[in-house]
Novice: 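The structure's right below; bear with me while I get my questions together.
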Amino acid sequence: MKKIFRILTAGAASLALLTSCVGDLNVTPIDPNVVLPGDVLNSQEAYNQLLAKVYQGLACSASDGPDSSPDISGVDGGYGQYLRAMFHLQCLSTDEAVCCWNDQTLYDIHNLCWSTSDTFVAAAYYRVFFQIGLANEFIRQAKATTIEGFDKREQYIAEARALRLLSYYHAIDLFGNVPFFTEENSVGSEAPKQIGRAALWEWMVGECQDLLNGSALPAAGKTEYGRIDKGSVQMILAKLYLNAQIWKEANANYFKECAELCNSLISEYALHDKYSDLFCADNHLCTRNTTYNGDEIIFAVPQDGISIRSYGATNYIIFASTGGDMDVATVGISSGWGGLSVTPQHADKFSEGDVRAMFYTGYGKDIPVISEFTGGGYKSTKFSNINHDGSAAQANGFVDTDFPVFRVADAYLMLAECAKRGGASEEDGRKALNAVRERAGINTVASYTLQDVLDERARELAFELVRRQDLIRYGQFTTDEYLWQWKGGEYEGKAVDSKYNLYPLTSGDTNANGNLTQNEGYK
């Protein structure tokens, strides 16, 4: 955390250009790595630039290219990109994916045997808190300013608060009891105090409610593409309610509240007709802001093959899922990296005719050796760099495909789960589940179980950063109730210590900050 505070109080101006998909933020970001925001925040345009940096932190590792001079020193700009770091911890730790690369401690993530000094855990940890620090700095500066003509100040502050909530959502899920700081904590004055998971849950719920009820945050679908709005905050609050028994207390019951939010989202957004359109190069068309036959994507992190490039996000997913003798042209890229495969347990969840079963199957389903890309395992082709009409994207070295952080299909499936847990009627839950199944081209059901919902979520939301969270909520992540190949480092899979339901705080932070206590079971 001391490193983050140093970053936020460092040196002179950035020349980097982020050509975004949005209007106000189509600007050169102010980079707190190299400029004191207080020295240049003298106009609304300057605040546009600083807010652009907060958004850019989700999309890129650096302000001047996909990998050079990353925001966080000591963490590779490729695997340290925000969404790639999330993918490693949320997906590689589950049945969704294995990676054949012997990169540092990458195998430890899938084997569920990481330590407090794990490189990939640290990359995610510092990226999350760097984002929180950026948002705090924007809020602090915007609240204090007295410049004239800043007519969008309240909206911009609300956006920064919502982006901060998004990162705290990842923090509470991955790390639990974490350093806590807001704009009220002056930069560099003292090390952050730790907040317990339950207390953080309470703060986040209050922050969500305040943003939804009394802020200038744009209404759902009423902002420029790629910017956060109340629809995203509704999703975060629904996730807090859905996971309250894990994040707050074991007997918590907020399934009714979660169902109400999901019904609201379902009324505001629509399932897109064609599933594959949601993960192709022009998937920005599948939003309310730029509607193309359905406005399903609630919030996305933009990627652009020319102007918003990284070695993370969808670029990583598409390139790393392609290799060997696979035809790279079918996914619209120049060459594959040969890294990611799905486990046979994941592949077996798809029935014949399911349009979501987008796999290259040429190397067989089984993964006898985790270190060989061509030695086994289906390869996901869910994400592609091809436009929805089959035409080529702008470039093939970096992708145009935006990463959908929140989709309304998730709200449908959360509603189905809440119904089985007593928060909504069985009929409403069944209708929600069947809407997703019908879009996927598979049969509807007259009744269903909670396990059916979990399996449907695996099919619908693969690679969308929710699988680990889902398995933990269902008690299947570390236990022997559900095993997949190489779980726990064994071919047949095995149960592991329950401490791995949480990642540790990185040792660099606990050593530097005496206010922090490590998560239980870690040393």
Side-chain angles (χ1 to χ4, degrees), residues 58-61 66-67 76-101 103 106 109-110 120 123-124 127 170 275-284 286 297 299-305 308-324 326-343 346-347 356-360 373 377-387 393 395-407 410 458-468:
L58 298 174
C60 306
S61 291
D67 193 27
D76 180 83
Y79 67 69
Q81 190 273 333
Y82 193 102
L83 292 173
R84 181 167 170 179
M86 293 300 104
F87 186 95
H88 286 150
L89 270 55
Q90 300 282 30
C91 301
L92 282 185
S93 60
T94 74
D95 60 337
E96 282 189 334
V98 301
C99 187
C100 68
W101 302 333
D103 289 356
L106 195 58
I109 301 299
H110 189 73
F120 295 94
R127 182 53 72 173
H170 291 134
Y275 183 76
S276 60
D277 287 354
L278 299 164
F279 313 101
C280 67
D282 56 355
N283 60 344
H284 65 279
C286 301
I297 297 176
F299 178 61
V301 173
Q303 294 286 278
D304 185 285
I308 309 177
R309 305 188 302 180
S310 79
Y311 291 113
T314 50
N315 205 74
Y316 165 65
I317 294 172
I318 294 169
F319 276 81
S321 297
T322 310
M326 295 173 66
D327 184 359
V328 296
T330 62
V331 292
I333 60 175
S334 53
S335 62
W337 298 348
L340 299 174
S341 304
V342 304
T343 70
H346 177 73
R356 301 168 300 187
M358 293 183 279
F359 301 115
Y360 175 81
F373 182 78
Y378 288 177
K379 320 304 177 186
S380 175
T381 56
K382 173 176 175 174
F383 287 86
S384 79
N385 191 38
I386 302 289
N387 291 324
N396 60 17
F398 289 90
V399 304
D400 288 343
T401 313
D402 301 338
F403 186 87
V405 176
F406 295 128
R407 293 193 291 121
D410 194 351
R459 290 184 285 269
E460 177 68 26
L461 301 168
F463 285 16
E464 295 182 58
L465 311 183
V466 297
R467 183 61 172 164
R468 171 190 158 276

Novice: For Pro302 and Ala59, work out which heavy atoms get closest and say how close.
Specialist: O-CB, 3.7 Å
Novice: Taking all non-hydrogen atoms of both residues into account, name the closest pair between Ser341 and Lys379 and its distance.
Specialist: OG-NZ, 2.6 Å
Novice: Given side chains that start at C-beta, do those of Ile109 and Ser93 come closer than 4.5 Å, heavy atoms only?
Specialist: yes
Novice: Check whether any side-chain heavy atom of Gln303 lies under 4.5 Å from a side-chain heavy atom of Ser310, and answer yes or no.
Specialist: yes
Novice: With a 4.5 Å limit on heavy-atom distance, are the side chains of Thr381 and Thr330 in contact?
Specialist: no
Novice: Between Arg84 and Tyr79, what is the shortest heavy-atom contact and its length?
Specialist: NE-CA, 3.5 Å
Novice: Can you measure from NE2 (His170) to CG (Leu89) and round to the nearest 0.5 angstrom?
Specialist: 11.0 Å
Novice: Quick check against the 3.5 Å criterion: does Asn283 have a side-chain atom that pairs as donor or acceptor with the backbone of Asp402?
Specialist: yes
Novice: Is there a donor-acceptor pair under 3.5 Å between the side chain of Asn385 and the backbone N or O of Asp400?
Specialist: yes
Novice: First locate atom CG of Leu461, then atom CG of Asp410, and finally report the distance between them rounded to the nearest 0.5 Å.
Specialist: 5.0 Å
Novice: Would you mind reporting whether Leu465 and Cys91 have side-chain heavy atoms less than 4.5 Å apart?
Specialist: yes
Novice: Do the non-hydrogen side-chain atoms of Cys286 and Phe279 ever get within less than 4.5 Å of each other?
Specialist: no
Novice: Would you find a donor on one side and an acceptor on the other, under 3.5 Å apart, between the side chain of Ser321 and the backbone of Leu340?
Specialist: no
Novice: Once rounded to the nearest 0.5 Å, what's the spacing between atom CD of Glu464 and atom CD of Gln90?
Specialist: 12.5 Å
Novice: Would you please classify the geometry between the Phe120 ring and the His88 ring as parallel, tilted or perpendicular, with 30° and 60° separating the classes?
Specialist: perpendicular
Novice: Parallel, tilted or perpendicular for Trp337 and Tyr316, by the 30°/60° rule?
Specialist: tilted
Novice: I'd like to know whether Phe299 forms a side chain to side chain contact (heavy atoms under 4.5 Å, CB included) with Leu58, so could you lay out the CA-CA distance, the side-chain angles of the two residues, the decisive distance to 0.1 Å, and finally the verdict.
Specialist: CA-CA 12 Å; Phe299 178 61; Leu58 298 174; 4.3 Å; yes
Novice: May I ask you to decide if Lys382's main-chain N or O and Tyr275's side chain share a donor-acceptor pair within less than 3.5 Å?
Specialist: no
Novice: Closest approach of Phe463 and Glu96, non-hydrogen atoms and distance?
Specialist: N-OE2, 3.2 Å
Novice: Any side-chain heavy-atom pair from Phe403 and Ile317 closer than 4.5 angstrom?
Specialist: yes
Novice: Taking all non-hydrogen atoms of both residues into account, name the closest pair between Ala124 and Met86 and its distance.
Specialist: CB-CE, 3.8 Å
Novice: Just by distance, do the side chain of Asn315 and the backbone of Val399 share a donor-acceptor pair under 3.5 Å?
Specialist: yes
Novice: Are the side chain of Thr314 and the backbone N or O of Thr401 linked by a donor-acceptor pair below 3.5 Å?
Specialist: yes
Novice: For Asp95, which of Arg467, His346, Arg468 qualifies under side-chain hydrogen bond (donor to acceptor under 3.5 Å, both in side chains)?
Specialist: Arg467
Novice: Output the distance between atom CZ (Phe383) and atom SG (Cys280), rounded to the nearest 0.5 Å.
Specialist: 10.5 Å
Novice: So which heavy atom on Phe373 is nearest to which on Gly339, and how close?
Specialist: CD1-N, 3.3 Å
